[in-house]
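Have a look at the structure below before the remarks.
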Amino acid sequence: DPSAASRSSRADSAAVRRRSAAAIRHPKHIASDERHAFYLLNPDGSLGNTQSRFQRWFDHIPGWNGVAGEEPSSDQLQCALATHQLFVYMGHNAGQKYVDLERVQQ
């Protein structure tokens, strides 16, 4: 049922927003592996509302950096995956256009 999947996705997004907001208010509660994150937010530019909502949060979390509203270079992604403990993707599909899952597993 597509409408059930949509409701589930929205509920998941709401939970992420709540946790992100709590992390901004109380950054000491972020686990150590979450303190060094790289985000890829809205890389194709089609999720403007999502980008405006989440980028403000991400920008205020110490140790987080990333790319928003544009496609990252392959060098940028390789470096991010090698040097960050957490990778957050917020875009369409699973991000396989930008991230080679086989490479991540290595």
Side-chain angles (χ1 to χ4, degrees):
D1 174 14
S3 62
S6 177
R7 284 191 303 272
S8 173
S9 176
R10 286 189 187 116
D12 292 345
S13 294
V16 168
R17 287 194 307 266
R18 283 191 302 274
R19 285 192 300 270
S20 296
I24 291 167
R25 286 190 301 272
H26 308 288
K28 66 183 177 188
H29 296 294
I30 298 174
S32 63
D33 66 339
E34 294 175 346
R35 288 188 189 263
H36 303 286
F38 183 88
Y39 60 85
L40 180 51
L41 173 61
N42 186 28
D44 72 0
S46 66
L47 300 172
N49 289 337
T50 299
Q51 181 177 339
S52 65
R53 191 173 306 128
F54 282 96
Q55 188 169 6
R56 285 178 283 167
W57 287 346
F58 293 166
D59 288 345
H60 287 92
I61 301 175
W64 282 45
N65 59 18
V67 175
E70 61 187 48
E71 291 190 15
S73 70
S74 61
D75 289 342
Q76 198 173 23
L77 275 182
Q78 286 177 12
C79 181
L81 292 171
T83 60
H84 292 81
Q85 297 179 14
L86 176 65
F87 180 83
V88 177
Y89 174 76
M90 298 185 90
H92 293 291
N93 302 313
Q96 64 272 23
K97 177 179 177 181
Y98 309 102
V99 178
D100 181 357
L101 296 180
E102 287 182 28
R103 202 166 203 179
V104 169
Q105 290 175 347
Q106 293 173 358

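Only heavy atoms go into these numbers, but all of them, side chains included; no hydrogens, no water, no symmetry mates. Numbers for residues simply follow the sequence, beginning at 1.
Taken from CZ in Arg56 to CD in Gln51, the straight-line distance is 11.0 Å, to the nearest 0.5 Å. Thr83 OG1 to Gln78 CD: the interatomic distance, rounded to the nearest 0.5 Å, is 11.5 Å. Residue Tyr39 holds its OH atom at 4.0 Å from CG of Asp59, rounded to the nearest 0.5 Å. Here the CD-OG distance, from Glu70 to Ser73, works out to 9.5 Å after rounding to the nearest 0.5 Å.
Residues Leu40 and Pro72 meet the side-chain proximity criterion, which asks for heavy atoms closer than 4.5 Å. Side-chain atoms of Tyr98 and Gln76, non-hydrogen and from C-beta on, never get closer than 4.5 Å to each other. Looking only at side-chain heavy atoms (C-beta outward), Phe38 and Val67 come within less than 4.5 Å of each other. Annotation: side chain of Lys97 is not in contact with side chain of His92 (no heavy-atom distance under 4.5 Å). The shortest side-chain heavy-atom distance between Tyr89 and Leu41 does not fall under the 4.5 Å cut-off.
The aromatic rings of Trp64 and Phe58 sit tilted, their planes meeting at an angle between 30° and 60°.
Closest approach of His36 and His84 over heavy atoms only: O-CB, 3.4 Å.
Within the 3.5 Å criterion, the main-chain N or O of Ser46 finds a donor-acceptor partner in the side chain of Asp44.
Leu47 and Val88 sit in two unconnected hydrophobic clusters of ILVMFWY residues. Membership requires side-chain heavy atoms under 4.5 Å apart, directly or through other members.
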